[in-house]
Participant: 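Questions regarding the structure given below will be posed in turn.
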Amino acid sequence: MCGIIGYLGDRQAYPILINGLKKLEYRGYDSSGIAIFCKNGYSLYKTKGKVDELEKKISSYKKKIKGTTGIGHTRWATHGVPNDLNAHPHVSNSSELIMIHNGIIENYHAIKVILLENGFTFKSKTDTEVLVNLIEYIKKENKLSLEEAVRISLNEIIGAYSIAIVDKSQPETIIIAKLGSPLALGINKKEFFIASDPIPFINYTKNAIYLKDGEMAILRKNKELDLRKIRDNYKLSPIINKLKINLKEIEKGEYKYFMLKEIYEQPKTISYTLRGRLIISDKIICVNGIEINKDIFINAKSITIVACGTSWHAALIGEYLLEQLARIPVEVEYASEFRYRNPIIDKNDLIIVISQSGETADTLAALKLAKKKGAFVFGICNVVGSSIARNVNAGIYTHAGPEIGVASTKAFTAQIAVLILLSLKLAKYRSTVNENKYHSLLNELTNIPKKMDNILKIDRHIHIIKNISKVFHNVNNFLYLGRGINFPVALEGALKLKEISYIHAEGYPAAEMKHGPIALVDENMPVVIIATKKGCYEKIIGNIQEIKARKGKIIAIVNEGDIQASIMSDYVIKIPEISEELSPLLTVIPLQLLAYQIACIRGKNVDQPRNLAKSVTVE
Ligand code: F6R
């Protein structure tokens, strides 16, 4: 997590850094800071809190900060609480080296002990302050140039990093390096832009280099880029990518929060996910990454899907789909558990990793482990060119566009849409689904955007959800229930509410209630229950009765025309009818809206919930 930014060129660095940091806040927002360099030295400002706080603090100094080289950081705390001292940039003991860092230095403690023995002192609790001092120590002890000291120090490091470091005596040089954490470099004639992702510099240049793990670059004003391997200083030729980001996609437009914009974008994003893949005129699904690896998919005896958080919920839906349609046994694993339990996999195994950001540290590590054991790894990713996308054997992009709200919404439905395509494609290969069912699912899939629109655009739906939110925004607990393919949707609904409103919420398979959680139900407990017609409708009716008998308040997601569940429920949200396999694409939308409305009434910052960050690049 954490966002890093930097600039070297002829423009004033401050506005580029401060605006860039605002665009990187999705990566962390508990403290931030900048350092701007000029011939006479540097100005350093840092503070606890969001980038707005930093901006306020700087404007209170009234003095204009001048300088055309600068680095900045927005933090998600790992080592040390969020406060001014632990905020980046960090300065070495001699005050000569100034550094920002995203990642974790795992062996920082051992290094700190050595540095303490050599007379170094530390102001903060961070691993970053240890690293900047290690570089200083190695530089001075061996009378090295900064780049050589950085390179040698990084070879001593265990962990993950993307860093930018400046020596105040050479304000026209920035050294950057990457291992594990993302780092993009924008190049525009004689200027360099550094950022954790290219969005902060897209206004200035469309030419970007994504540093690879184990690479460092020496950026000198008015000079060519000098790209090297950290291990042996081998000189590399940079590969420049042309960025294709549409600026509208990263603006809030008329919406108060990105999350709301992203919820409303879903009809469009699903059509992007299906575009060129679902060819309805020919009744076929075209997915290159599957077609060229057809044998691997056909011969797979089982599939393991690995992911975290919301992507893990999508994986559970994938389990249901692949087993139902393609009749392949599927296991779903949390990436963080999978990677540390020595999983039994080999070259005959098919692993699917799912990740919106493509940077989640645990998912990336699980992917690498599976590959090391010889398995074929297929990726489902949203961010093009991300680490996971680059490391898989084959994969498919979800094409949901940039997701900026910390709580994932449109990426989730896009992941489900991809899993439906994958399951149907495999079902066709393996002849496990009859033609009628196959064609009717394809037809229904093309109608999904319209049906999503129907839920989002009808005022009556929004009015009911706002009403429910007003009634329940002060409760302490919520239960979410679903069965079959909608059980993971219940988990996702509960996660959305927890994340942005800080109300405790749990998702359960509806029938599991009797085995314990029903003890929680009383007249104060709202229970959101997915009671759509297909699947175990009759059983769900029984579950509703059990909750009503204990005076729980039922908020039911039902199909238009529903009578039975609706009569029994306190609040009813109606959605269009659809086959069970596709239903999560619709049932999740009222749950996203409910979480959003409750969080707004509670006055929470929906896009930047406390303690969270969009991209979890630490384990
Ligand atoms: C929840 C959420 C997180 C992510 C999780 C995995 O709204 O966004 O739970 O789903 O951190 O992230 P990705 O999908 O980027 O690997």
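Just follow the structure's listing: the first ligand is 1, and inside any ligand the first atom is 1. None of these values were measured; they are calculated from a predicted model.
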Participant: Under 4.0 Å from a heavy atom of G309: give me the atoms of ligand 1 that qualify, with their elements.
Facilitator: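 That gives atoms 9 (O), 10 (O) of ligand 1.
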
Participant: Which atoms of ligand 1 are found less than 4.0 Å from any heavy atom of V406?
Facilitator: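 Near V406, meaning under 4.0 Å from one of its heavy atoms, ligand 1 has 7 (O), 8 (O).
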
Participant: Could you establish whether N382 and ligand 1 come within less than 4.0 Å of each other, counting only heavy atoms on the residue side?
Facilitator: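 No, N382 has no heavy atoms under 4.0 Å from ligand 1.
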
Participant: With atoms numbered from 1 as shown, which atoms in ligand 1 lie under 4.0 angstrom from a non-hydrogen atom of S311?
Facilitator: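 That gives atoms 10 (O), 13 (P), 14 (O) of ligand 1.
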
Participant: Establish, from distance only, whether the side-chain atoms of E333 and T304 form a donor-acceptor pair under 3.5 Å.
Facilitator: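 No, no side-chain donor-acceptor pair sits under 3.5 Å.
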
Participant: Will you find, in the side chains of Y161 and D127, an N or O donor that is under 3.5 Å from an N or O acceptor?
Facilitator: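 There is no such pair (donor and acceptor under 3.5 Å, judged by atom type) between the side chains of Y161 and D127.
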
Participant: Which atoms of ligand 1 have any heavy atom of Q356 under 4.0 Å away?
Facilitator: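 Listed by number with element: 13 (P), 14 (O), 15 (O), 16 (O).
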
Participant: Which ligand 1 atoms are under 4.0 Å away from a heavy-atom of A407?
Facilitator: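 Atoms satisfying the 4.0 Å criterion: 7 (O).
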
Participant: With a 6.0 Å cut-off on ring centres, are Y320 and F487 close enough?
Facilitator: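 Judged by ring-centre distance (under 6.0 Å), Y320 and F487 do not meet the cut-off.
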
Participant: Mark the output for K496 as yes if a heavy-atom distance to ligand 1 is under 4.0 Å, and as no if none is.
Facilitator: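 Within the 4.0 Å threshold, so yes.
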
Participant: Using heavy-atom distances, let me know which of C308, A307, P609 sits nearest atom 6 (C) of ligand 1.
Facilitator: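 It is C308 whose heavy atom sits nearest to atom 6 (C) of ligand 1.
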
Participant: Strictly under 6.0 Å, is that where the ring centroids of Y596 and Y264 end up?
Facilitator: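 Ring centroids of Y596 and Y264 are no less than 6.0 Å from each other.
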
Participant: Any luck finding a side-chain donor-acceptor pair between S387 and E359 under 3.5 Å?
Facilitator: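 Present: a donor and an acceptor within the cut-off.
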
Participant: Is it the case that R75 places NZ or CZ above or below the six-membered ring of Y29, under 6.0 angstrom from the centre and within 45 degrees of the axis?
Facilitator: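 Geometry flag: not set, cation outside 6.0 Å or 45°.
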
Participant: Who gets closest to atom 2 (C) of ligand 1 by heavy atom: K498, Q592, M259, E499?
Facilitator: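 Looking at heavy atoms only, the winner is E499.
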
Participant: Just going by heavy-atom distances, which of T360, T310, I388 is nearest to atom 16 (O) of ligand 1?
Facilitator: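 Considering heavy atoms of T360, T310, I388, the nearest to atom 16 (O) of ligand 1 sits in T360.
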
Participant: Looking only at N/O atoms, are Q415 and ligand 1 under 3.5 Å apart anywhere?
Facilitator: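 Between Q415 and ligand 1 (N or O atoms, distance only) the closest approach is not under 3.5 Å.
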
Participant: Would you please say whether a donor-acceptor pair under 3.5 Å links the side chains of S31 and N86?
Facilitator: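 On atom types as modelled, these side chains do not qualify, holding no pair under 3.5 Å.
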
Participant: For S355 and ligand 1, does the shortest N/O to N/O distance drop below 3.5 Å?
Facilitator: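 Yes, since at least one N or O of S355 sits under 3.5 Å from an N or O of ligand 1.
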
Participant: If you count heavy atoms of other groups shown closer than 6.0 angstrom to CD1 of I292, is the number above 12?
Facilitator: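 Yes, enclosed.
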
Participant: Tell me: protein heavy atom nearest atom 11 (O) of ligand 1, and distance?
Facilitator: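 For atom 11 (O) of ligand 1, the nearest protein heavy atom is V616 CG2, 3.9 Å.
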
Participant: Does K261 come within less than 4.0 Å of E265, counting only side-chain N to carboxylate O?
Facilitator: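 Here K261 pairs with E265 in a salt bridge, since their nearest N and O are under 4.0 Å apart.
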
